Protein chains: 4
Amino acid sequence: MTVASRGRIDKRQAILAAAFTVFARRGYAEACVKEIAEEAGVAKPTVYNHLSDKENLFRHAIEAAADEVMAANLEVVERLREPGEDLRATLEDVAHRLVEVCCDERSRSLRRLTYGQVARFPELIDLVQARTADKVAEALADRLARLSLAGRLRSGDPSVASEQLLALLTGPLETRSRLGTREVPAAEMRAVSDAAVDTFLSAYAA
Amino acid sequence: MTVASRGRIDKRQAILAAAFTVFARRGYAEACVKEIAEEAGVAKPTVYNHLSDKENLFRHAIEAAADEVMAANLEVVERLREPGEDLRATLEDVAHRLVEVCCDERSRSLRRLTYGQVARFPELIDLVQARTADKVAEALADRLARLSLAGRLRSGDPSVASEQLLALLTGPLETRSRLGTREVPAAEMRAVSDAAVDTFLSAYAA
Amino acid sequence: MTVASRGRIDKRQAILAAAFTVFARRGYAEACVKEIAEEAGVAKPTVYNHLSDKENLFRHAIEAAADEVMAANLEVVERLREPGEDLRATLEDVAHRLVEVCCDERSRSLRRLTYGQVARFPELIDLVQARTADKVAEALADRLARLSLAGRLRSGDPSVASEQLLALLTGPLETRSRLGTREVPAAEMRAVSDAAVDTFLSAYAA
Amino acid sequence: MTVASRGRIDKRQAILAAAFTVFARRGYAEACVKEIAEEAGVAKPTVYNHLSDKENLFRHAIEAAADEVMAANLEVVERLREPGEDLRATLEDVAHRLVEVCCDERSRSLRRLTYGQVARFPELIDLVQARTADKVAEALADRLARLSLAGRLRSGDPSVASEQLLALLTGPLETRSRLGTREVPAAEMRAVSDAAVDTFLSAYAA
DNA sequence: AATGAATGAGCGTTCATTCAT
DNA sequence: CATGAATGAACGCTCATTCAT
């Protein structure tokens, strides 16, 4: 890759990052391209050179953020590949880490923006859900299925189990963080993830 | 109350209803006051006479919708006052009805608008959450507490139980309805509510 | 007609007049709506309230000007209804008056704008030609036909005669005024119209 | 001339030709330099290297086109040097050929562009008129003068005769082609040129 | 000399809001 | 009180022009 094209790609990513920041700060309609350009340190037409218009800019910024969130979530779920001796402890650890990812600024902004712009960008919902909620639910279902096979969880539909464990984590957090508006104290995060694992194991432990 | 002032109140409510409809259709920034005025059948300055500006209009429209959603939810939870013989059946009925309310157009629009406008109207989150999620969680906790006392549920923190039951209902629905974008088939709604009750009773049955 | 609606119509006409002035001064693309608004003494959005966009503004301004030019031309041709004793003198008078109309600022701007915007407004050509060139050619043909019947002109196709008389007037003027750019001295105008009538009568006198 | 500078000149001419094409297609203001560069197969800054800015580009493109149109017209008029036996036939032939040149795409675009941009490029009018209308009028006047001397046309001011013959040709064509917008059928072109010669000879035959 | 990338300036259009009736 | 009309402020987008390579 040449130095020039490398610079071009860097600039494109800088613009996408700036766009996500500004969209997150203001919302789609309230964000103005000028502010995005300033945040990225380029002139307004440069934004248009790289990403043809505001809608495109939004779509790509969301898509890039969704990829990052997906990666962070999958990395956490992978930890269940080595469940160790103490299954409850491992689940609590994973649950807690999922909660942390789910509560971080980027995840919350992504959900908020996607959700708030369903009317204008209906197709983004599928894209974002596929890369975040769906993907992590599937990965988790895979792990739970293996745990069932290994006799450490009751047998049954691992998709439902996965869905419910995630619901027990994210549901209370949405409420307690006021839809991602307020920081959730560490202790509360721990309480929620532990309670979720507790209820989950009541229902699904072998 | 005089006939005249009665008419004034009617017009105000017509405007608020129209505002909610249009905001739900377009989103806050994309909705224009002209369209709201047309939907309400009045002239634009009339809107300004009744509700000083667009922000105010939004706040009051959201508030009114939140009141309606709250009432619908509480009515459902009240059914747990008479749990009857078959607790599982009663919970399944209540759970299913909550799912229905939660999936209806108005609830979804309310969540979407509030969520999408956190940046501009941060205070609305508290107002809406207090009247919807919090209120129903409390009412449900009240009912669960009574059921514990009556020996029909294990004793423990009824708030956590309430929170988890609601999470088991709304979490999966958010995913399956693609954040309220897609209709959820009746069968799926039933499956979700039954699975929620099942897991809930695994953890909380006496 | 109410005073209010009268005022509205006045304002619309003021905007159209200002638009024609500015378009004539700058050309279509170079004219900016802001300048038109200033020329009309209103704010920019007022222009958009009355005439939905720039293209519409242009079309209506051109149409109005075409109407005025048409009326002026027809009034001149009408003079041939009373040819009087001295046909040559009457024709010279009419010819000279047509030349005057054809050379005035408004006619020239109208032709220039229409001509210059064929690519963008192809339908305007027909509209303008119908109301100016065609209409005056027909009216003139009518008069010439009567003169033939009255035995004062040779018989023949009056349309061709009309077309040629007008060509003998406008052709030399286009050249001498540098496509309407330069004032044509009164003496030259007279020379052109007299020469045209002379040639015309050589070919068409009874 | 070196091969290199020869290539440079070729590129310059390619740019001028592309510019005329694009200006003719879109009009001056609507044409963008990017499109001209693409039409010429070069990059945008190359256009600026060869012709300093858009105005210059326009001027030179127009000038080049005017030269070509002039040459085509003069070639036709030269045919009157050998009038042959049948003067009417020769005049009809020349008239018809002039009509053809006058109706071709390039001539029409040239007139349209020049005419439409009088406001911005007032000096172009003189340049173009001098090379087209004036030049052909003069050349034609020269031929007519010789024909007068030879006793084949009445004596008199050959400039006026030339001007009127050209007016009788171009005037009706402007109308019938809707200012160059519509194709004029071959039969109509013939009718116009024959009628022009007929009237011309009525007035000017010896 | 030629180009990909960047930019400053400007324009059409919209919209929340306010007058005047 | 209700309304038709008017406006100031923004914003998305384009384009001629210039750097840097």
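Just so we're clear, the structure is a prediction, and the values are computed from it rather than from any experiment. Labels below follow one simple rule: chain letters A, B, ... track the order of the sequence lines, proteins then strands, and each chain is numbered from 1.
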task: List for me each residue that meets ring pair (Phe, Tyr, Trp, His ring centres under 6.0 Å) alongside B:Phe23, sequence neighbours excluded, and say none if there are none.
output: B:Tyr28, B:Phe58

Student check: side-chain heavy atoms of [X] and [Y] closer than 4.5 Å:
| X | Y | result |
| --- | --- | --- |
| D:Phe121 | D:Ile62 | no |
| A:Arg12 | A:His60 | yes |
| D:Glu35 | D:Cys32 | yes |
| B:Thr114 | B:Leu110 | yes |
| D:Lys34 | D:Glu38 | yes |

- request: At under 4.0 Å between heavy atoms, which parts of nucleotides 13-18 of chain E does protein reach? Answer with one letter per nucleotide, 5' to 3': B base, S sugar-phosphate only, - none.
  value: BBBSBB

In whole angstrom, what separates [X]'s [atom1] from [N]'s [atom2]?
| X | N | atom1 | atom2 | result |
| --- | --- | --- | --- | --- |
| C:Asn49 | E:dG12 | CG | P | 16 Å |
| D:Arg12 | E:dA2 | CZ | C1' | 17 Å |
| A:Leu51 | F:dT14 | CG | P | 14 Å |
| B:Ile15 | F:dA2 | CD1 | P | 8 Å |
| C:Asp10 | F:dA6 | CG | P | 11 Å |
| C:Glu35 | E:dG10 | CD | C1' | 14 Å |
| A:Glu38 | F:dC11 | CD | C1' | 13 Å |
| A:Ile36 | F:dG12 | CD1 | C1' | 11 Å |

- prompt: Where along residues 113-124 of chain C does a heavy atom fall under 4.0 Å from DNA chain F?
  reply: none

- prompt: Within the side chain of A:Thr46, is there an N or O that forms a donor-acceptor pair under 3.5 Å with the backbone of A:Val42?
  reply: no

field: Donor-acceptor contact below 3.5 Å, side chain A:Arg108 vs main chain A:Gly180
entry: yes

- request: Counting heavy atoms from C-beta on, name the nucleotide in E:dT7, F:dA2, F:dG8 closest to the side chain of B:Thr46.
  value: F:dA2

Show which side-chain atoms of residues 122-130 of chain D pair as donor or acceptor with protein atoms under 3.5 Å away, not counting sequence neighbours.
from     : atom 1 : to       : atom 2 : distance (Å)
D:Glu123 : OE2    : D:Arg59  : NH1    : 2.3
D:Asp126 : OD1    : C:Arg178 : NH1    : 3.4

message: My understanding is that only residues two or more places apart in sequence, or in another chain, count here; which of them pass side chain to side chain contact (heavy atoms under 4.5 Å, CB included) with B:Ser107?
response: B:Val69, B:Val101, B:Asp104, B:Arg111

- prompt: Given the rule that a pair is Watson-Crick or G-U wobble with both distances under 3.5 Å, how would you write DNA chain E in dot-bracket, using | for pairs to a different strand?
  reply: .||||||||||||||||||||

message: Working note: D:Gln13 + D:His50, criterion side-chain contact (heavy atoms from CB on, under 4.5 Å); need CA distance, chi angles, decisive distance, verdict.
response: CA-CA 10 Å; D:Gln13 284 178 337; D:His50 284 261; over 6 Å; no

message: If the cut-off is 4.0 Å, is A:His50 near the phosphate of E:dA6, judged by side-chain N/O to OP1 or OP2?
response: yes

